[in-house]
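In this chain, residues are counted from 1 in sequence order. No experiment lies behind these values; they were computed from the predicted model shown.
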Amino acid sequence: MDGKGKDPAGYIRQILPFGFESFQIMFWQTLGGKNLKQLSAEVLEAIGGADVTISSLGVFGNPLETGPTDLETLHAWEQAIDHARLFGADMVCGFTGRLRGKKLDESIPRFREVFGPLAQRAADQGVRIAFENCEMGGSWQSGDWNIAHNPAAWERMFDALPVENVGLEWEPCHQMVALIDPMPQLRKWVKKIFHVHGKDATVHWDVIREFGIHGPKPFAFHRHPGFGDSNWTDILSELRWGGFQGAIDIEGWHDPVYKGDLEMTGQVHALNYLKRCRGGDFVPNPQ
């Protein structure tokens with residue numbers, strides 16, 4: 001579950017009774033003035049004795065550029081890496097950033113320049129880095145935020161930075177809205193998937209067949225798991241088969257149907273659906 005709002009601890013305290021098992025604490029571009037040491041104490045106090053973990057911290061901005069906000073994003077990455085362990089987390093997730101308006105390949109040297117030191121900083125503290133596979137409106141030709149949205153980009157990224165503690169924050173949604181089948185890439189890249197966002201998509205193939213992807217009607221929508229096209233039983237099976245032991249945190253606030261007053265209804269449905277897809281509660285074998 002992604003923490004949302006200006007008071008993550010208060011938000012967690014409110015929704016904890018619904019049965020969420022992990023949370024990602026997310027920041028948009030900057031830390032927003034948050035003192036991470038103080039915030040970690042507040043969050044852990046809100047969790048109390050519940051069997052709940054903070055899976056990761058998230059920093060979503062563009063640390064590859066050098067504008068004032070971009071430099072704050074880079075600082076937020078450094079601070080998140082330095083303080084992740086205070087939350088009980090061992091991971092920081094986010095966008096790679098990219099050189100704005102440039103072809104994706106042109107960002108790779110800068111990616112290596114920025115994330116080489118960040119990866120070493122993280123490794124020194126037993127922390128991993130995972131990049132979300134969201135295109136943020138970008139393409140191979142141009143973009144503002146992220147280069148980690150295509151498997152061909154992953155090849156270039158991991159060739160440029162071949163370290164064990166750098167991987168992916170994956171979800172099927174971002175691939176589906178690009179008309180990429182997420183399952184073959186899941187099987188291929190599962191060893192590099194450190195964290196999963198619980199978000200799905202619905203693709204309207206009838207719209208694509210009639211109007212294409214550049215027509216007047218939307219052809220794909222982000223959805224809560226359980227309302228989209230993915231079979232999460234298959235996804236969870238592939239993750240387990242590949243040795244994945246991380247968290248799946250539901251990324252809400254995108255579903256066009258279960259929104260507004262129905263937001264938490266949709267998220268709790270997604271939570272219970274994902275629990276069923278993993279096989280339900282853990283049952284120990286007889287001795």
- Query: What pairs meet the salt bridge (Lys or Arg N to Asp or Glu O under 4.0 Å) rule with one or both residues in residues 227-247, with sequence neighbours excluded?
  - Reply: Arg187-Glu238
- Donor-acceptor pair, side chain of Asn146 and main chain of Glu132, under 3.5 angstrom: yes
- Query: Shortest non-hydrogen contact from Leu118 to Ile81?
  - Reply: O-CD1, 3.7 Å
- Spacing of Met26 atom CE and Asp249 atom CG [to the nearest 0.5 Å]: 9.5 Å
- Message: Suppose the criterion is ring pair (Phe, Tyr, Trp, His ring centres under 6.0 Å): which pairs have a residue in residues 34-75, not counting sequence neighbours?
- Response: Phe60-Phe95
- Would you give the length of the straight line joining atom CD of Gln79 to atom CD of Glu72, rounded to the nearest 0.5 angstrom? 11.5 Å
- Item | Pair Arg278 + Glu21, salt bridge at N-O below 4.0 Å | yes
- Message: How long is the straight-line distance from CG of Leu271 back to CE of Met264, given to the nearest 0.5 Å?
- Response: 10.0 Å
- Side-chain heavy atoms of Met176 within contact of Asp200, under 4.5 Å: yes
- Should Thr73 and Asn62 count as side-chain neighbours, where that means a heavy-atom distance under 4.5 Å? no
- Task: For residues Ser40 and His83, determine if any side-chain heavy atom of one lies less than 4.5 Å from a side-chain heavy atom of the other.
- Result: no
- Could you check if a side-chain atom of Leu39 sits within less than 4.5 angstrom of a side-chain atom of Ile25, using non-hydrogen atoms only? yes
- Between Leu262 and Val257, what is the shortest heavy-atom contact and its length? CD1-O, 4.1 Å
- Item | Student check: side-chain heavy atoms of Cys173 and Glu251 closer than 4.5 Å | no
- Report yes or no: do Gln185 and Trp170 form a side-chain donor-acceptor pair below 3.5 Å? yes
- Item | Flag if over 12 foreign heavy atoms under 6.0 Å of NZ, Lys192 | yes
- Item | In one Ile/Leu/Val/Met/Phe/Trp/Tyr side-chain cluster, 4.5 Å: Tyr11, Val268 | yes
- Item | Worked check of side chain to side chain contact (heavy atoms under 4.5 Å, CB included) between Val52 and Phe20 | CA-CA 7 Å; Val52 170; Phe20 292 100; over 6 Å; no
- Message: I need the Trp232 CH2 to Ser237 OG distance, nearest 0.5 Å.
- Response: 12.5 Å
- Item | Side chain proximity check, Gln267 to Asn272, heavy atoms < 4.5 angstrom | no
- Is Ile180 reachable from Val196 through a run of I, L, V, M, F, W or Y residues, each pair having side-chain heavy atoms under 4.5 Å apart? no
- Hey, are Asp159 and Arg112 close enough for a salt bridge, meaning a charged N less than 4.0 Å from a carboxylate O? no
- Check step by step if ring pair (Phe, Tyr, Trp, His ring centres under 6.0 Å) holds for Trp205 and Phe219. CA-CA 7 Å; Trp205 289 101; Phe219 66 88; 8.4 Å; no
- Is Met157 close to Ile108 at the side-chain level, that is, under 4.5 Å between some pair of heavy atoms? yes
- Task: Using the ring pair (Phe, Tyr, Trp, His ring centres under 6.0 Å) rule, pick out the option among Tyr258, Phe227, Phe18 that qualifies with His269.
- Result: Phe227
- Item | Aromatic ring pairing His197/His195, orientation class (parallel under 30°, perpendicular over 60°, tilted between) | perpendicular
- Message: Test of understanding: clusters of I, L, V, M, F, W, Y form through side-chain heavy atoms closer than 4.5 Å, transitively. Do Phe211 and Leu179 belong to the same one?
- Response: yes
- Check: Ser55 side chain, Ala247 main-chain N or O, donor-acceptor pair, under 3.5 Å: no
- Message: To check you understand the geometry: which heavy-atom pair defines the closest contact between Glu169 and Ala130, and what is its length?
- Response: N-CB, 3.7 Å
- For residues Phe158 and Phe131, establish whether the separation of their ring centroids is below 6.0 Å. no
- Message: Can you give me the closest heavy-atom contact between Asn165 and Ala122, atom names plus distance?
- Response: ND2-CB, 3.7 Å
- Message: Students often mix this up, so state it plainly: with edges at 30° and 60°, are the rings of Trp28 and Trp145 parallel, tilted or perpendicular?
- Response: tilted
- Interatomic spacing from CD1 in Ile147 to CG in Asn133 - rounded to 0.5 Å: 13.0 Å
- Task: Take Phe23 and Leu16 through the side chain to side chain contact (heavy atoms under 4.5 Å, CB included) test and state the conclusion after the steps.
- Result: CA-CA 10 Å; Phe23 297 91; Leu16 205 57; 3.8 Å; yes
- Item | salt bridge (Lys or Arg N to Asp or Glu O under 4.0 Å) against Arg98, all qualifying residues, sequence neighbours excluded | none
- Query: Relative to each other, are the rings of Trp154 and Trp189 parallel, tilted or perpendicular (30° and 60° limits)?
  - Reply: perpendicular
- Message: Using a 3.5 Å distance criterion without hydrogens, assess whether the side chain of Thr202 forms a donor-acceptor pair with backbone atoms of Phe221.
- Response: no
- Task: Please step through salt bridge (Lys or Arg N to Asp or Glu O under 4.0 Å) for the pair Asp82 and Lys37, ending with a clear verdict.
- Result: CA-CA 10 Å; Asp82 291 348; Lys37 184 176 181 180; over 6 Å; no
- Query: Do we see a donor-acceptor contact under 3.5 Å between the side chains of Ser56 and Gln24?
  - Reply: yes
- Message: Do Met91 and Ile129 make a side-chain contact, defined as non-hydrogen atoms from C-beta onward lying under 4.5 Å apart?
- Response: no
- Task: Could you tell me whether Glu113 and Arg110 make a salt bridge, using a distance below 4.0 angstrom between a side-chain N and a carboxylate O?
- Result: yes
- Query: Thinking salt bridges, do Asp255 and Arg223 make one under a 4.0 Å N-O criterion?
  - Reply: yes
- Test side chain to side chain contact (heavy atoms under 4.5 Å, CB included) applied to Thr53 and Ile47, step by step: CA-CA 8 Å; Thr53 61; Ile47 292 172; over 6 Å; no
- Task: Treat each ILVMFWY residue as a node, draw an edge where side-chain heavy atoms are under 4.5 Å apart, and state whether Leu161 and Phe194 are in one component.
- Result: no
- Of all heavy-atom pairs between Phe87 and Ile54, which one has the smallest distance, and what is that distance? O-CB, 3.5 Å
- Message: Are Leu99 and Leu74 connected into the same hydrophobic cluster when the rule is that any two of I, L, V, M, F, W, Y join if their side-chain heavy atoms are below 4.5 Å apart?
- Response: no
- Salt-bridge criterion met for Lys191 and Glu164 (N-O under 4.0 Å): no
- Starting at CG of Leu86, measure out to CG of Leu36 and round the result to the nearest 0.5 Å. 8.5 Å
- N-O pairing of Lys275 and Asp281 below 4.0 Å: no
- Message: Determine whether Asp70 and Arg100 satisfy the following criterion, side chain to side chain contact (heavy atoms under 4.5 Å, CB included), listing intermediate values before the conclusion.
- Response: CA-CA 11 Å; Asp70 306 320; Arg100 294 186 178 97; 2.7 Å; yes
- Message: Using 30° and 60° as the class boundaries, would you call the ring planes of His254 and His222 parallel, tilted or perpendicular?
- Response: parallel
- Message: If you compare all heavy atoms of Pro218 against all heavy atoms of Val207, which two are closest, and at what distance to 0.1 Å?
- Response: O-CG1, 3.8 Å
